[in-house]
Number of protein chains: 2
Amino acid sequence: MASLTIIDIAKICGVGVTTVSRAINNHPDISEETKAMIMKVVKENNYVPNNSARNLKRTDSKTIAVLIKGMNNPFFIKMIDLFEKGIQKKKYSFILHRVDEHQDEIDVANELVKEKKLKGIIFLGGYLSHSKEKLEQLMVPYVLCTVGLSSEFDNYNYSYVSIDDYAESYKMVDYLCKLGHKRIAIISASMRDRSIGQLRYLGYKQALEDHGIALDEQLIRPMKEHLESYSMENGYAVTKEMIDEGVEFTAIFAISDSMAIGASKALLEAGRMIPDHCSVAGFDGLDMAYYYHPSITTIKQPISEIAEEAIRILFDLIHKKTTHVQKKFPAELIERASTGTMK
Amino acid sequence: MASLTIIDIAKICGVGVTTVSRAINNHPDISEETKAMIMKVVKENNYVPNNSARNLKRTDSKTIAVLIKGMNNPFFIKMIDLFEKGIQKKKYSFILHRVDEHQDEIDVANELVKEKKLKGIIFLGGYLSHSKEKLEQLMVPYVLCTVGLSSEFDNYNYSYVSIDDYAESYKMVDYLCKLGHKRIAIISASMRDRSIGQLRYLGYKQALEDHGIALDEQLIRPMKEHLESYSMENGYAVTKEMIDEGVEFTAIFAISDSMAIGASKALLEAGRMIPDHCSVAGFDGLDMAYYYHPSITTIKQPISEIAEEAIRILFDLIHKKTTHVQKKFPAELIERASTGTMK
DNA sequence: TTGTATGCGTTATCAC
DNA sequence: GTGATAACGCATACAA
């Protein structure tokens, strides 16, 4: 059964295609009764308009796309909800599009812009490593949201919203130092990372330096590349390895809550108490950090603020109320049961 | 700047549009050199074909869509990865589409089928409560994957892959009973639930009955409707309420791992030891159940098997190698530290 | 209030 | 190996 087109419906109803189109799209210039009649036929025959044809014909379209890279990040899931609600509130429709690990998000974006006649884009996650030229290919307003950015990008002309990963990481390590810890291990990203992983590592490094603590290679532990990045499993593996090697440390700073939980598990399993034998700190402020036992000290990202601001900026860009805004939100260090003073 | 079309490229290259199309789509009937020349121009001008126009014209398309309802379920995230890999391995392309809570997944599916010329669909999550007629509207092979199904659906003609929620729930409660527990609380879904929530509840009920334990209304605790369903927060709230009310129980069976973790937190916070004072059991087999301390006893869903089988069935349907397959996988009860014998 | 005709950007058909 | 042209299904300017 070949599927129905608007022409079929028009024939069945004995009207012109325009009239059917008007009925479907709630146009004003149509009498209530013909509209009702047409809609009845549409329902009965289960007619669904072809979006490709629609998009092809359309010029505008009031839709915003959120491009997400790295869906395994539970952090993003919440954000997606916020985006959806925020965008719907503006009477725009919302498309979520997942970008593959090895895909180029700019290319994907350009494809979508043409296909869906997008009004704006929000990039969520991923590591933006594009040249200025590449970014300028995007002919539609966009906002980078918690996208890892090398500092070299700071002078580019684009908008972004995120936290200051360097400063927040510094804040956490500074806090641990002030608790009296001197041997603070970090579960970091790969040393090749040029994104948030690097920034968080640099914050760690600087804080130690400012406290007069020498960097110890043994305590710098990049996550395992063969395991899922930022996962509990990874935090567990790295910590277990440290323990097995007999490395001494009194605190672990994991650059994500998930890894902090994995680290905690490894410690507890080895019979070490948290925080009596070892303090554990995470990053992100996920629910699970709170519900873990002991509750994990973390840096809580202001998710709602970030999402709302991203939407605000995007719509300002769309309405040409602004050029570019680069905003870093302060995050909160939440002291919980997993960290304590060094005895 | 109006964006380029295939005609512009053809003009620039001094060739016909057909030739450009052939170059872009790797058609055989084109000389290597003209192809190279065209591709060069395409790159230089940053031309991106319009997918709407493509889809409109195309007849086939080798693409499979995964429709997901309820993205907050961490369980699904893993599955999506498996689907993507499996579908790519079959040389099909993969579309992930999120279905809104209040949207009808069948309607959404039909829209996508028309728009993208889908070859098949996998429904992930959600509660299928459609009439037979509605399901039959789908003119494309599809597989329901861990979609909650009322038992009344059993005779319908469709394919699905999942675990036997009733039997697995029974297994867990039976296990708790055999540990000597008599006052087993359940953190269940809403009593209006007609999906997995209901099945898991019925398993609980039957197991108690078979052990000669009377149902106690005080121990049946539907999750809070004003909180996110199946969330840690919800498990926490429900358990805290039970504790505050002074209800007596020696075990809690939460119908999701997340809620089990929330429940554990409430218990530990109240000074109750797990499992000495109270056993806790979850459902799903998420990583976090293992990494929680104490590790939580759970029913582990065979995610990979489910995903692989779903793909296998879908492609069999596409190639007409089968009619309908309804497969329930056995899940594994993993005994961990959160459950113990009743003293 | 309704219908007819055109074009959106691409691919498929067919002729060269 | 290449190019002109007709669809694909819809929305819209314009005519009625």
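Please read these numbers as outputs of a predicted model, since none were measured by experiment. Labels below follow one simple rule: chain letters A, B, ... track the order of the sequence lines, proteins then strands, and each chain is numbered from 1.
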Notebook entry, point to check: Given that A:Asn25 and B:Asp29 both sit by DNA chain D, which one's nearest nucleotide is further toward the 5' end?
Noted result: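 Per heavy-atom nearest nucleotide, the more 5' residue is B:Asp29.
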Review point. Taking only residues two or more places apart in sequence or in another chain, which ones pass salt bridge (Lys or Arg N to Asp or Glu O under 4.0 Å) with A:Lys116?
Key: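 Partners of A:Lys116 by the salt bridge (Lys or Arg N to Asp or Glu O under 4.0 Å) criterion, ordered by chain and then number, come out as B:Glu115.
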Within the structure provided, determine whether [X] and [Y] are in side-chain contact (heavy-atom separation under 4.5 Å).
| X | Y | answer |
| --- | --- | --- |
| B:Phe83 | B:Leu124 | yes |
| B:Ile68 | B:Phe76 | yes |
| A:Val42 | A:Ile9 | yes |
| B:Leu118 | B:Ser61 | no |
| B:Arg312 | B:Val161 | no |
| A:Phe94 | A:Thr63 | no |
| B:Glu225 | B:Ser190 | yes |

* Does A:Phe315 have A:Lys90 sitting over its ring (NZ/CZ under 6.0 Å from centre, angle to axis within 45°)? ->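 Pair A:Lys90/A:Phe315 counts as cation-pi.
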Aromatic B:Tyr160 / basic B:Lys327 pairing, under 6.0 angstrom, 45° off normal
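The answer is no; the distance or angle limit is not met.
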In terms of side-chain geometry, is the basic nitrogen of [X] or [Y] positioned less than 4.0 Å from the acidic oxygen of its partner?
| X | Y | value |
| --- | --- | --- |
| B:Lys35 | B:Asp29 | no |
| A:Asp104 | A:Lys69 | no |
| B:Glu309 | B:Lys328 | no |
| A:Lys40 | A:Glu44 | yes |
| A:Glu228 | B:Lys78 | no |

Outermost nucleotides of DNA chain D that come under 4.0 Å of a non-hydrogen atom of chain A: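 Result: D:dG9 to D:dA13.
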Which residues in residues 6-17 of chain A have a heavy atom closer than 4.0 Å to any atom of DNA chain D?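 Heavy-atom contacts with DNA chain D come from A:Ile6.
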Inset, instruction - Strictly below 4.0 Å, heavy-atom distances to any atom of DNA chain C: list the hits from residues 37-61 of chain A, or just say none. - result: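 Heavy-atom cutoff 4.0 Å gives A:Leu56, A:Lys57.
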Discussion item. Below 4.0 angstrom, which residues in residues 110-117 of chain B have at least one non-hydrogen atom near DNA chain C?
Written reply: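 None - not one residue of the stretch has a heavy atom sitting under 4.0 Å from the strand.
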Requested in this report: For A:Glu33 and C:dT1, give me the distance from atom CD to atom P, rounded to whole Å.
Outcome: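 From A:Glu33 CD to C:dT1 P: 11 Å.
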What are the atom names and distances for every N/O pair under 3.5 Å that joins the protein to nucleotides 13-16 of chain C?
none

- Using a cut-off of 4.0 Å on non-hydrogen atoms, how would the nucleic acid contact of A:Ser21 be classed: base, sugar-phosphate, or nothing?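 It contacts base atoms.
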| task | Report yes if a side-chain nitrogen or oxygen of A:Ser31 is closer than 4.0 Å to either non-bridging phosphate oxygen (OP1 or OP2) of C:dT2; otherwise report no. | result |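 The answer is yes; a side-chain N or O of A:Ser31 sits under 4.0 Å from OP1 or OP2.
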